[in-house]
Q: 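Following this message is one structure expressed as C-alpha cells.
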There are 2 protein chains.
Amino acid sequence: MDNAPRKAPVTLHDVAREAGVSLATASRALNGSERKVHESYRTRVVAAAARLNYTPNLSAQAVAKGGTNTVALLVADIADPYFSSIAAGVIRASEEAGLVVTMAVTERSTARELELVRALRGQRPRVMILAGSRSSTESDQDALISELQAFEATGGRVVFVSQHELPFETVAIENAEGAKQLARDLVGLGYRRFAAITGSRTLLTARDRLNGFLEGLAESDIEIPEERIVATEFTRDGGFDGATTLLEQGLDDTELIFAVSDVMAVGALSALREAGIVPGEDIAVAGFDDIPTVRDVTPPLSTVHIPLEEVGRRAIAIALSTEGDTTDTAKTTDTTTVNATVNATVNTAVKTTVVLRDSTPSR
Amino acid sequence: MDNAPRKAPVTLHDVAREAGVSLATASRALNGSERKVHESYRTRVVAAAARLNYTPNLSAQAVAKGGTNTVALLVADIADPYFSSIAAGVIRASEEAGLVVTMAVTERSTARELELVRALRGQRPRVMILAGSRSSTESDQDALISELQAFEATGGRVVFVSQHELPFETVAIENAEGAKQLARDLVGLGYRRFAAITGSRTLLTARDRLNGFLEGLAESDIEIPEERIVATEFTRDGGFDGATTLLEQGLDDTELIFAVSDVMAVGALSALREAGIVPGEDIAVAGFDDIPTVRDVTPPLSTVHIPLEEVGRRAIAIALSTEGDTTDTAKTTDTTTVNATVNATVNTAVKTTVVLRDSTPSR
DNA sequence: CTGTTAGCGCTTTCAG
DNA sequence: CTGAAAGCGCTAACAG
C-alpha cells in the first residue's frame, strides 16, 4: 500500500514558467477569448501547455470569472426511456454549446428534488433543467419555487420540461392536443368504448393527456365511464397494475385502453397477455410518448410521438436564449417575448404527432 | 428586456457578518468537518446562513481545498437502457456518498471519448467512470490510456466498466461465464443448431460473450458454422439487420439465435416477426443483459441477467475504496489487493445468472 | 501587446 | 476556541 507520490496537477503557473512568459499572457493565450497575444508567444505557450499536458482547472476559472459553464439536469428516473431520451438531448446540446452537464435523479420525490436543487445551486450552474413530472399539490412545491427564484435572481436560468403553471420557462409539449388528436383518430378507426390508465391526477402531464383524450372523445359524444379510468403509478408496473385492475373489474365491451404514457402502456400489454388476452386482437391499446421500445413490442404500439431528444435540446436553447434578461420570473404573463434574435420557434410548444400502429387496428 | 438587477449570490462573508463572527468561524461552523466551534456561535452562524439562504460555492471550495467531490461519468449512449441503468446506479451511489455526478456521452467514438476525458479532467473530479464498450484496436486508445494515467497520477481514480485488458480498475462482469452457462442451459433445453448476432469482434464485451457462448456449446461438441455468425452494430438496429442478414442467407434448420445483447435481440425479434416468423415458435431467441424491456416483448426474452444498477454502484465503490493507494496503475498484475478494510466482494466479478423465458421453450 | 497586481469565495495554517 | 492572514488556480483590471 505505497502511499501517493500524488503528483500535483500542472497549473497555469507551470505553463507560464515553462514558456517563459507571464501568468497573464499564458492565461490569455490559452483561455482568454479574444486574440490579443502575439503569435510567437501564443505558440510557445500552447506548446508548453501541450508538453506539460496542462488542463485548466475549471473550478478556479469558475471562481475567478464568477460563473460556470455548467448545466444542472434533474430527472425523475434516468433509467426511464422518456427521461433518458430527453437527457440525451440535453447532453448533446450542452456539449455543442461547450457546457458541462451535471445530473441528479429525484426519484419522483418533490422533497428530494428540493434537496437536490439546494445542493446543485452550490455549483452555481448557468442553467438548471428540471424534467420530471411533479405533483401540483405537495407543499414542498412552494419551497422549490422560491429556491429556484432565488437562483434566477442571481442570474441563473431555470427551465422546466412540460410544466406550464409554474412561474418559469418551460419546454411546452402538446400533451392535450396530441391526446385529443389521438382520440379523434381512434374514433375514426371505429372505436367507441374506451378505458384509460392514468397516473395520479395531480401529475400535470398525466392530467393534460387524459383531459385532452377525453375532450377528443367528447367531440364525438363519447365518454369514458368513471370506473373505466384507473389511476396508478406513472411507471411500467403502474401500467401493469392498471390493466390488471381493469381486468378484475371486467373489461366488458371495452374496445381500447389508453395509457397516458408508453411505459404504462407497455406494462398494460404484458398484463393483458398474461391474462390470455391478445392485445391488438381482443382489445386495442394506445400509449403516449413514442419511446423507442414501442416499435418492438407486440403488437407495435399506437401512440403519440414526441421528439424527446428535441425536447432536451429545446430546454437548453430556451435557457441560453433567455440569458441576460432578468424579468425576475422570466415567464410573466404573455412574456413569450424572447430575445429578439432568437429563433422564434424555441418558445412554441413541441409538436406531437399521432402514430398509428398495429395495436389499434381499424374495426 | 430590462437588464439584470442580478443580485450577487450570498457569500460566506455575508453570513459571517450577519452572524457577527469571523469568516473562519463561519467556515468552520458550516463546512469544517470537525466540531471545534462553540455551540452558541455555531447556531448563530447556521441561523444566519438559513436566513440569507446561503449556499456554499462549490467551485470556491474546490479550489481552496484542492479537490472536488465530483464523479465524471462517460457512457456511450445514455438513451440505451444498458447504460442508463448503470448510470442510475452510479448516480444513486454517488449521491449517497455525497458526490456530484457529471455526465458526458461518447457516442461510441473513442476519439470523442478522448476529447471528453481531456475536458472532464479540468473538473478535477475525484473519480472518472468510463462505461461504454470500446474497440480494442483504435489508436486513440493509447492516447486515452496515457491521459487517464496522468489523471491517476494526480490522485484521481479511474474505473472502467467491463474492460479487463486495460491497466485500470474495472467492474468485471461475468460475460464469458454467463454466456457459457446460457449455452449449456439451452443445450439442456434441447437446442442443437445455433446462429449468433454479435457486435464488432473488436468490442471486448461482444467478443467475450460470443466466445463464452461458443465454449459452452463446445462442451457438447456443438459448433456454430462461420456463416451463421453475423457481426453488426451493437444496437437495436444492428440486431434487426443481423437477423435480416441471417434470414436472407436462409435460416435452414437453425433453431436458436443468440444475440450478444438484449437490445440487439429485441431488434432481431422485430425483424423476424416482420418476416412472418414467430419467435419462440418458429425459432428461439436469446439475448444478454436482462434490460427491463425484455419482459415486455413477445415472447419474453431468455437472457443472462446482469444487475446493472449494481454495476454502477460497484464502480463508485471500487473508486472510493482504492482512493489513497497510488499504485500508479492501480491494477498491476494480481493486485486485487484492495484496501484491507474494503468489502472484499467489491473487486470480484459481478455475477450473472441465466434467465429462461418463453423465447426459448424447451424442445 | 505584456506583465503586475488585485481579487473571486473559501479553507486552513498560525497566532492569540 | 476564535480571528487574521496567507493562499488555491485563474482572470481581469491597470499600468507600462
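Any value given below was found using the heavy atoms of this structure, including those in side chains, with hydrogens, waters and symmetry copies removed. Proteins come first, then strands; the chains are lettered A, B, ... in the order of their sequence lines, and each starts at number 1. All values reported here derive from a predicted model rather than from experimental measurement.
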Q: Looking at every heavy atom in both B:Gln163 and B:Thr170, which two are closest together, and how far apart are they?
A: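 Result for this residue pair: N-OG1, 2.9 Å.
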Q: May I ask you to decide whether A:Arg108 forms a salt bridge with A:Glu113, counting only side-chain N to carboxylate O separations under 4.0 Å?
A: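 Not counted as a salt bridge, because no side-chain N and carboxylate O are separated by less than 4.0 Å.
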Q: Distance alone, cut at 3.5 Å: any donor-acceptor contact between the side chains of A:Thr106 and A:Ser109?
A: no
Q: Over how many whole Å does the gap from A:His38 atom NE2 to C:dG3 atom P extend?
A: 12 Å
Q: Compile the donor-acceptor pairs under 3.5 Å between side chains in residues 95-103 of chain B and protein atoms, sequence neighbours left out, one pair per line.
A:
| unit_1 | atom_1 | unit_2 | atom_2 | d |
| --- | --- | --- | --- | --- |
| B:Glu95 | OE1 | A:Arg112 | NH2 | 2.5 |
| B:Glu95 | OE2 | A:Val105 | N | 3.3 |
| B:Glu96 | OE1 | B:Arg313 | NH2 | 2.8 |
| B:Glu96 | OE2 | B:Arg313 | NH2 | 2.6 |
| B:Thr102 | OG1 | A:Thr102 | OG1 | 3.2 |
| B:Thr102 | OG1 | B:Gln123 | NE2 | 3.1 |

Q: I need the CZ-P distance between B:Arg44 and D:dC1, as an integer number of Å.
A: 16 Å
Q: Any side-chain heavy-atom pair from B:Leu58 and B:Thr68 closer than 4.5 angstrom?
A: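 In short, these two side chains do not touch, never coming nearer than 4.5 Å.
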Q: A:Gln123 CD to C:dG9 C1': how many Å, rounded?
A: 15 Å
Q: Is the closest side-chain donor-acceptor distance between B:Arg121 and A:Asn53 under 3.5 Å?
A: yes
Q: Going 5' to 3' along nucleotides 8-16 of chain D, which nucleotides have protein heavy atoms under 4.0 Å from the base (write B), which only from the sugar-phosphate (write S), and which from neither (write -)?
A: BBBBBB---
Q: Verify the contact: side-chain N or O of B:Thr25 to OP1 or OP2 of D:dT2, cut-off strictly under 4.0 Å; return yes or no.
A: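 So the side-chain polar atoms of B:Thr25 never come under 4.0 Å of the phosphate oxygens OP1 or OP2 of D:dT2.
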Q: When you check the phosphate oxygens OP1 and OP2 of D:dA4, does a side-chain N or O of B:Ser22 lie under 4.0 Å from one of them?
A: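 Answer no for this pair, as no side-chain N or O of B:Ser22 is under 4.0 Å from OP1 or OP2.
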